[in-house]
Each structure stands twice: as C-alpha cells, then as structure tokens.
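Chain letters run A, B, ... following the sequence lines, proteins first and then strands; every chain starts at 1.
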There are 2 protein chains.
Amino acid sequence: MAALAGVSQSAVSRAFTPGSSIAEAKRQRILEAARRLNYVPNSIASSLTTKRTNIVAVILGNLANPFYVEVLRTFIARLQAQGRQILTFTVDNGADSDEAILRVLRYQVDGVILTSAQLSTRMTSICHDRGIPIVLFNRYIPGSDASGVRCDNTGGGRLMAEAFLAAGARSFAMIKGDPKGTTSQDRVRGFTERLIEAGIARADIGEIEGQSTYDGAFNAVLGAYRRKPERLPDAIFGINDIMAMGAMDALRQRMGLKIPDDVMIGGFDDIPESRRHPYQLTTVRQPVGLMVDEALSILHLDEPAQPIEMGIDRQVPGRLIWRSTIPTPTASSED
Amino acid sequence: MAALAGVSQSAVSRAFTPGSSIAEAKRQRILEAARRLNYVPNSIASSLTTKRTNIVAVILGNLANPFYVEVLRTFIARLQAQGRQILTFTVDNGADSDEAILRVLRYQVDGVILTSAQLSTRMTSICHDRGIPIVLFNRYIPGSDASGVRCDNTGGGRLMAEAFLAAGARSFAMIKGDPKGTTSQDRVRGFTERLIEAGIARADIGEIEGQSTYDGAFNAVLGAYRRKPERLPDAIFGINDIMAMGAMDALRQRMGLKIPDDVMIGGFDDIPESRRHPYQLTTVRQPVGLMVDEALSILHLDEPAQPIEMGIDRQVPGRLIWRSTIPTPTASSED
DNA sequence: GTGAAAGCGCTAACAA
DNA sequence: TTGTTAGCGCTTTCAC
C-alpha cells in the first residue's frame, strides 16, 4: 500500500491513526489512495506491536435463556459503539470455562466477560498475569479474586417473598436453577429467609429442580403436582422468568389452573417475553444496561495501564415489577 | 518462552502445531514447560505469517427475533467445534453492512456470514478480492454475486396457503416484515400466488406491516381490526413466527377472539417458542442446522486455496408443522 | 528432527 | 511533519 501510494509505511499508519501528527493534506491523499486500492489496515498486525487487539471475549452459557440473549445484545451494542469487536463463546451451562479462556487468550483479547460458567483460580491468575482483566457477569465465585457484577439476588428473592406474603400466600415452592450456581442459591436463600422471618414454617416452603430451562420447569411442575394437586402451594417462585413461564404453561394448560386465582407465580429477570399477554409475569427486574455498564467499567478497557481491579463484587438492586401473576394488595404499578 | 525452556523458537512452534515434524519427547518437554510457565501461543502473531486467523465473522440483524438467536447459536456451536472463533456483529435490521464488513476485514477473518443486512456490491468485491468468502444467510441479493443459503421461502408461503385452504379459509391477510427484504417478499409472493391459483380474489388477500417484530405485529393487528372486526379475514399468515405470536396475543387477549375458531393463524420459522402451549403455532419449519451446514460448506473454510464460490443461491425446502392454530382437515402430525 | 534467519504488516522510537 | 529503523511473536524455508 505504502509503495503504491508513493508514501512511507509510517505515513499510512499515521493516516489511519486518529490524532497522530500528519499533515491533513497528506492524510487525505492517503485515505483517497486507500479507497481506490480497497486497502484496509490490518488490525492483527498492528496489535502485534500495540499489544491491544480491541477484541473483548464474551463467554456465555446456553442462549436458550432469553435473559442471556439480552445480556449479549447489550454487550455487543456497547462494545461495538466503542469500536471494539466481540469474540463470542458458548460453554455448556455451568461447565468450566478453562478451554474457552485458553482459546480467547491466544487471541490476546483485551478483556474477558464471563457468564454462566465456572472459573478456575488457575485461569483467573493466568489472565491476571498477562494483564487481561476478567469480569464475572451475574455470577459470584467464592474465594476467587476475579471481579464481578451481579444483581442483588438475595434481595431480589426477598422482594418476591414479600410480594407473595402481601398477597396472602402461606405456602410456597421454588423452582430452582443450576444447584451449583450462586445465582440460583442466593435467590432461593433470600426468598426462604424472608418467609421464615414472616413466620412461615420450613415445611411450607418446597423446592423443585427446573434446570434453568422452560422445559425443565414445565416437566418439574407436572411431576411434582399433577398427580398430587393437594400439594400445590399458594405461590410458586420461578428462580428465573423462563422457568416461571414453563411453570405457568404447565399449570394452566396441563392442569387447568388459574393464575393467580389458584396459584400465584413470580419470576426473576424480566425478560421481554414476561410482559407479553400470555404471561404478564410479576417478576424482579435485573437492570441489564446498568449491569453491563458496571461490568465494562470494571474492565476499564480505556486505561489498560491501570492495574486490574480484583475482588470487586458489585451488586446492583433488582426491582419488583408488578404484573398479573400475583394479586396486587393495593395499587399496581406497571412500569 | 523458547529461551526459558532452552529450545529454539521453531521447536516451540512445532510443539504446538499438530502434525509437524518434531520428536515426541521434545514436544512433551515443551508442552510441559509451557504449562509451567503459563505460556499460551499467540494466534495473532501466527496468523500474520499463516494468513489464517481461524476467525469467522457473523453479522446479524437484531437479536430480538429468536430465530436469529437460534441461527447464531448454531453457527457458534459448529464453528467452535471446528476450533474456530466467532466475531459477532449486529447491524440494524436491513441496514447496510458496509461498516461492519470493513471492520471485520481489518481482523482478517477467514469468512463472513451475513444475515438480515444489505450487502453492497462494492463490499462483495472487496471481500472477494482479498480472498475472503462471504455467505448470505436467509437472504438473497438480486444482482449480487455473493453466494447464499436460504429457505425456499416462496415454496413455504405456498405450503401455508395450502394449509389454510385445506382448512376452508376463503379470506386472508399477511403480516409482512421488512418490505425491502427478499425473505418477506418471497413468502408473501408464494402465499399469494397459491391463493390466486385456488381462485381467491385479490381483494380477499390483505396485507399489513408488522415490522418483523412481536410488538409491530401486535399493534398492526390491533390497528387493522380492532375497530373494524368485520374486516377480519378467515386466516392470517405471519411472515415469521414472532409476528404470528404478536398477532395471536392481540387477537385473543385484546379482541377476545378464539384461534383457530374465529381466525386461523400461520407462521414461519418454527422457533422454539412456537411449540409452547400458549401458541402451538402451525408454521413452516426452517431447517436451521441444515442451512448452517450449507452455509459453512459454501465458505469451505478448510480449503482456503479453493476459489471462492460465487453466485450460488442454495435453497432448502421448509416443512409445514401442523399444530393447533389451523384446524387439521384430516390427521394431524406434530413433528 | 532441528536451529538460524528472514519476514508477515504494522507501530514506535529516533533523527532529520 | 516526515522517513528510517527496529522489532512485535510467530511460521517457514533452508541447511544441517
């Protein structure tokens, strides 16, 4: 390219580097030649010297949960607007992410965002040793010095418990997700704690496993209550919206029950589907945009020289969105 | 790394290159040292010489349509299994993809997959000149020599027309998507053609604009029929499932209609949500896995030396999935 | 099977 | 403001 345009290599480099000292006329001339020759600078080559690729890795669990689609979409939107590229990886839900991380490290990514996967301490230190920041999204790994952002899951669980209590529920069940994940655990814990505080007996708080999926919850509900409808509690808390939706469909379409008349339902996440007519799910909203911004700020991609922030565990509060799967005690508030 | 392990640079390179001539003992020794030193080969550097990055770009429209989430997920699964990385890009639905393509070209991707976006001939030739194959997914650009894979949308539209006709419908409406996209156009055309052939009058085939989204279709249906229920046709064809779902919700929850008793509904895509209880949508299934495989075969990532396949327009047939939004004339067949 | 040396396309001093 | 030079971390001849 340089030769063809009759200028030095450095001139070309400068022409494509905003803020570098080059005469405006020359820059224009080079840009014009580049267009004519269909020249596109090679970012791969430049990152070899700059040590910056402008690539960020996003490692996700299964995209079957629309919540994570929303998360991915938000990360893509933000990063793309900053001129960064996204290397997307999926790993099986809850599986360990070692292989994925090793692979993205080969590509010298500027940062790693990890959702729905385990992170070994070995990988954490490998990343940190190489100066690559890593942030956990909606996940907390006890004992890890990796930083992360998550919703206040415990608090969110409490909010849901309060909503049910206010509506008069006295017996409960939870549909849990990945039993190893802190996200599900925390929501379960907050929910349970609040109920106990309100004087509910442990025996009146049931738990079933929904595997974090629509089908899992659908089948779990059928398995638990279809033949024993007498066991049905007043209220069921789906640890995430997609499971709450599976539960609703099983309850209504397969068992002929009315929601919230026969059983109340609560969810968590506030995915777009939750507000749709068939569901109108009362749920705890996670502020995805805010959480994404927090995650990116922990990565501080713009100041690579800054030391990596370790051990941060940023929690942002969720918010209860009243819709129609729990009778509203007083006034209702759709957003 | 080489120095630290007391071997040559080349030896390290060979140790990490399957099939290169190196003594097994030496390879093991190097691999062991690498592990100890947390060494990870730099793919960025290697691609500078090999001219292969093992990165494939996937450019998508909005992820609000679950169909494209499914598509993305499938591409990720396949490519990841092949040891390739995915650079994900989103562009506004139907917007041109020039900027996105220029950006991925800087990263020397081995191939480009493009869905839901326009592709200029200039970009096509830039890619081809540099030997980068590009494949259109579910999109056909007339006059372009870019290759692509798509469902037989015209045929799918015909299938839906036949289903409605068999169920006795005599008046129709379509909820169209992006008016500039061939995908929507083809489905509309096939549907209309078949109806005309069956003797339906043009006046009995209405069209409304659903903007390819749930909300768009929801509102369009309300706008078209709420105050004029007498205009309601026997059958409504949502050009994609997400719009069919929006239409169903509007019809049932806002207008109190029964499906299929008061109005039949058909969709296209067969997204996972379509089989769920609230919808049980009769739709035309796109064989995503097959289409993805076809797309990847057109890219022939494994034989970069082969000339780029141009002008291919591979069409795979869709299949009608009978569920419950159209009364089945005779026997029904869930997949 | 192995190492030395050249070079991939760029950026970053440095000197002019 | 400009061009020259020396690498960035790897792969690839090419001798050995």
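The structure places CG of L87(B) at 8.0 Å from OH of Y107(B), a figure rounded to the nearest 0.5 Å.
Nucleic acid contact class of T50(B) (heavy atoms, under 4.0 Å, all strands): sugar-phosphate only. Within 4.0 Å (heavy atoms only), Y39(A) reaches sugar-phosphate atoms of the nucleic acid but no base atom. Within the 4.0 angstrom heavy-atom criterion, base atoms lie near S10(A). When heavy atoms are screened at a 4.0 angstrom cut-off, S21(A) is found touching base atoms of the nucleic acid.
Nearest heavy-atom pair across T124(A) and S120(A) is OG1-O, 2.8 Å. Shown here for R14(A) and S21(A), the closest heavy-atom pair between the two residues is CD-O, 3.7 Å.
When the C1' atom of dG9(D) is taken as reference, atom CZ of R52(B) falls 20 Å away, rounded to whole Å. In this entry the distance linking CZ of F16(B) with P of dC10(D) reads 9 Å, nearest Å. Counting to the nearest Å, the C1' atom of dT2(D) and the CZ atom of R14(A) are 6 Å from each other. Rounded to whole Å, atom P of dT1(D) lies 13 Å from atom CD1 of I30(A). Atom CD1 of I22(B) is separated from atom P of dT12(D) by 14 Å (rounded to the nearest Å). Between Q108(A) atom CD and dC8(D) atom P the separation is 14 Å, expressed in whole Å.
Side-chain nitrogen and oxygen atoms of K51(A) include none within less than 4.0 Å of the OP1 or OP2 phosphate oxygen of dG7(D). Between dT11(D) and S13(B), a contact under 4.0 Å exists linking OP1 or OP2 to a side-chain N or O.
Between the side chains of R73(B) and N62(A), at least one donor N or O lies within less than 3.5 Å of an accepting N or O.
Each of S8(B) and A45(B) has a nearest nucleotide on DNA chain C; the 5'-most of these lies closest to S8(B). Judged by closest nucleotide on DNA chain C, Q9(B) is the one of Q9(B) and L48(B) placed further toward the 5' end.
Looking at N42(B) and R106(A), their side chains never come closer than 4.5 Å, going by heavy atoms from C-beta outward.
Reading DNA chain C from its 5' end, the first and the last nucleotide to sit under 4.0 Å from a heavy atom of chain B are dG1(C) to dG9(C).
Comparing dG7(D), dG9(D), dT11(D) against the side chain of S46(B) picks out dT11(D) as the nearest.
The local environment of CG in D96(A) is crowded, with over 12 non-hydrogen atoms from other residues, nucleotides or ligands closer than 6.0 Å.
Remark: D313(B) does not engage R139(B) in a salt bridge, criterion side-chain N to carboxylate O under 4.0 Å.
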